[in-house]
Number of protein chains: 2
Amino acid sequence: MTHLSQDHTDLASQSEIRCATCFLRQSGFCGALLDARSRLPIRQDSRTTGAGETICFEGDPSEYVCILCHGWAVRSKQIADGRRQILSVLLPGEMFSSMMIFEENISFSVQAVTDVLVTRFNRADVKSALMIGPAVLHAVADVCITELREADQLLICLGRCNAEERMARFFLSLSRRLNSHRVNHHQRRHRFPLRQQDLADIMGLTPIHINRVIGRFRRAKYIEMSSGYLTIINKAALERICRCQFKDRGLAKIL
Amino acid sequence: MTHLSQDHTDLASQSEIRCATCFLRQSGFCGALLDARSRLPIRQDSRTTGAGETICFEGDPSEYVCILCHGWAVRSKQIADGRRQILSVLLPGEMFSSMMIFEENISFSVQAVTDVLVTRFNRADVKSALMIGPAVLHAVADVCITELREADQLLICLGRCNAEERMARFFLSLSRRLNSHRVNHHQRRHRFPLRQQDLADIMGLTPIHINRVIGRFRRAKYIEMSSGYLTIINKAALERICRCQFKDRGLAKIL
DNA sequence: CGTACGGTTGAGTCGCGTCAAGCATGGTGG
DNA sequence: CCACCATGCTTGACGCGACTCAACCGTACG
């Protein structure tokens, strides 16, 4: 653990950091990066943030590439009159955005939904690591492409889908992402800390309308939502809401 | 011109290709790539496509990285019932998407709006060029970041702006992009080949509603649109429609 | 001259937003 | 222990922005 600098306030405990590093190694980007340390020092630290707090502010300079190690967060942009659009939901193991590797100022905010643990790599070090071999480069390309694809998905969702379609797609895609993190790939019940206001800001709707759609889904026994948990009861029905839309290929490739 | 392979049908004339290569050198990515050819062969060809035709189909494999050299095109995705969302408007000098560098199958379609000239680099060659020095890498990072930022912009637009705000933002941002290509940076009159149906598919609205908003803008003397040309008459007014929204920093950074 | 395509305009409808009130929960302090 | 409050969820009434359907117009083209 000699690479961990602890000069900042609010540092996570050693055990949390150890857990974080161990966890990070599983993800493509961080694995490649940590491997690269044999040839190049890469400074890194970890810090916790409480639920509801803002981790990064839009426009601020940042010398870090941030990875969410524990908890949920959202990446968003705001317009002055208060309207907020969430650009992505961040789950454990994910980079805030690949833009953080190349840009000095970040163009978005990140807010903690639950208590979170964030690991930060020194941006200059990461950039240097890009040139020492193809592993890091490919890992970064992967992150970048995933981000672009998700953005395209969300765009078509906001531009051309109604409220029910948006919700159905969101639930399915989220469930899929959550399951890809775990051993059990067919979990139907998930921790779900997002508030209806957050859902509204993801889907470009109002929380009241979100509530009504959820109500419909609940009454139709498609899902269950209570006390911070989401259960997908009738996955097929949700897929039916979206499926009519998609060309030929299966949902798996699209969501 | 020894690098140009002409084994494909529908090839552009020699003069067009020369023009294209000359033009490409001005753009960061292509400039870096063409410079890299001193150390590495990079196969390349050019081809024309007629207005309205589809250049790439969603899901198709592609061994090329495509650059639009002349004309306008749109990158889009479709859902089975015919609904289409345009993800980006492609102007001369722009790569279709940075995803083309890393992905074997493309996840979008590209359609020619006008007659276009497209230069295609061999994807494997481009990937190899990434490792020979930082120039190409940085150029690619630039393309990638620009794309991510534009996607975020469009997301907030679709998620949180009404029709007038979307149109105003689109016109301003497009005018800005068009002017950045030319010597005269303050041109107010632009070639504008997009149909109202295209505008609708960009902004997630119907062409009829687009028509009404344009009508309002026209009557308010904000813009003029006729016979394939767009003129921004009252830029300040358009900015006012968006400005109220933006935090502190000026429009320039945002649009 | 007919056809096709895209733009324009009107009437009516509906999805979603707005406003407003009520409810459940959990934390706090007296 | 219970008032008190803050936060987030739920529900109803109503209005508006955007969609749908439909007709008409102008231009380009064979």
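Per chain, numbering begins at 1; letters A, B, ... match sequence-line order. Just so you know, these numbers come straight off a predicted model, no measurement behind them.
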Novice: Would you indicate, yes or no, if C:dC16 has its OP1 or OP2 atom less than 4.0 angstrom from a side-chain nitrogen or oxygen of A:Thr206?
Specialist: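 For A:Thr206, the contact criterion (side-chain N or O under 4.0 Å from OP1 or OP2 of C:dC16) is not met.
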Novice: In whole angstrom, give the distance that lies between atom CD1 of B:Ile214 and atom P of C:dG7.
Specialist: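 Interatomic distance, CD1 of B:Ile214 to P of C:dG7: 8 Å.
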Novice: Pairing donors with acceptors under 3.5 angstrom, does anything connect the side chains of B:Ser76 and B:Gln111?
Specialist: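 Their side chains do contain a donor-acceptor pair, which is all the 3.5 Å distance test asks for.
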Novice: Applying salt bridge (charged side-chain N to carboxylate O under 4.0 Å, His left out), run through A:Arg160 and A:Glu165 and close with a yes or a no.
Specialist: CA-CA 9 Å; A:Arg160 289 300 181 207; A:Glu165 289 163 347; over 6 Å; no
Novice: From C:dT8, D:dA18, D:dG12, pick the nucleotide closest to the side chain of B:Arg218?
Specialist: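 Among C:dT8, D:dA18, D:dG12, the one nearest the side chain of B:Arg218 is C:dT8.
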Novice: Answer with yes or no whether the side chains of A:Gln78 and A:Ser109 bring together a donor and an acceptor at under 3.5 Å.
Specialist: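 Note: A:Ser109 and A:Gln78 side chains miss the donor-acceptor criterion.
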Novice: Report which part of the nucleic acid B:Leu205 touches: base, sugar-phosphate, or nothing (heavy-atom distance under 4.0 Å, all strands).
Specialist: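 Result for B:Leu205 = sugar-phosphate.
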Novice: Quick one: which of D:dG8, C:dC16, C:dG6 gets closest to the side chain of B:Arg195?
Specialist: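 Closest nucleotide among those given: C:dG6.
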Novice: Can you check the B:Phe217 CZ to C:dG7 C1' distance for me, whole Å?
Specialist: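 So the two atoms are 18 Å apart, to the nearest Å.
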Novice: Can you tell me the distance, in whole Å, between the CZ atom of B:Arg160 and the P atom of C:dG17?
Specialist: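 So the CZ-P distance, B:Arg160 to C:dG17, works out to 8 Å.
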Novice: Expressed as a whole number of angstroms, how long is the span from A:Gln196:CD to C:dA24:C1'?
Specialist: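 For the pair A:Gln196 CD and C:dA24 C1', the rounded distance is 13 Å.
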Novice: Please tell me which of the listed nucleotides, D:dC19, D:dC21, C:dA20, lies nearest to the side chain of B:Ile208?
Specialist: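 The answer is D:dC21, which lies nearest to the side chain.
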Novice: Could you check whether B:Asn211 and B:Gln196, counting side-chain N and O atoms only, form a donor-acceptor pair closer than 3.5 Å?
Specialist: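 Indeed, the side chains of B:Gln196 and B:Asn211 share at least one donor-acceptor pair under 3.5 Å.
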Novice: Any side-chain donor-acceptor pair under 3.5 Å between A:Ser46 and A:Thr119?
Specialist: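 Result is yes, a qualifying pair exists.
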Novice: How many whole angstroms separate atom CE of B:Met225 from atom C1' of C:dG6?
Specialist: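 The answer, rounded to whole Å, is 12 Å.
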Novice: Does B:Val213 or A:Arg219 map to a spot on DNA chain D nearer the 5' end, using the closest nucleotide for each?
Specialist: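 Its nearest nucleotide lies further toward 5', so the answer is A:Arg219.
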Novice: Give the rounded distance in Å between these two atoms: CZ of A:Arg216 and P of C:dG15.
Specialist: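 Distance check: A:Arg216 CZ to C:dG15 P gives 9 Å.
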Novice: Is there a donor on the side chain of A:Arg212 or the base of D:dG12 sitting less than 3.5 Å from an acceptor on the other?
Specialist: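 Check passes, donor-acceptor contact within cut-off.
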Novice: Within the pair A:Asn211 and D:dC9, is there a side-chain N or O less than 4.0 Å away from OP1 or OP2?
Specialist: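 Checking D:dC9 against A:Asn211, no side-chain N or O comes under 4.0 Å of OP1 or OP2.
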Novice: Compare side-chain N and O positions of B:Gln197 against OP1 and OP2 of C:dG7 and report whether any pair is under 4.0 Å apart.
Specialist: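 Answer no for this pair, as no side-chain N or O of B:Gln197 is under 4.0 Å from OP1 or OP2.
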Novice: Take the protein atom NE2 of A:His209 and the nucleotide atom P of D:dT10, then report the distance between them rounded to whole Å.
Specialist: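 The answer, rounded to whole Å, is 15 Å.
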Novice: Using atom CG of B:Asp81 as one end and atom P of D:dC19 as the other, report the distance to the nearest whole Å.
Specialist: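 Atom CG in B:Asp81 sits about 15 Å away from atom P in D:dC19.
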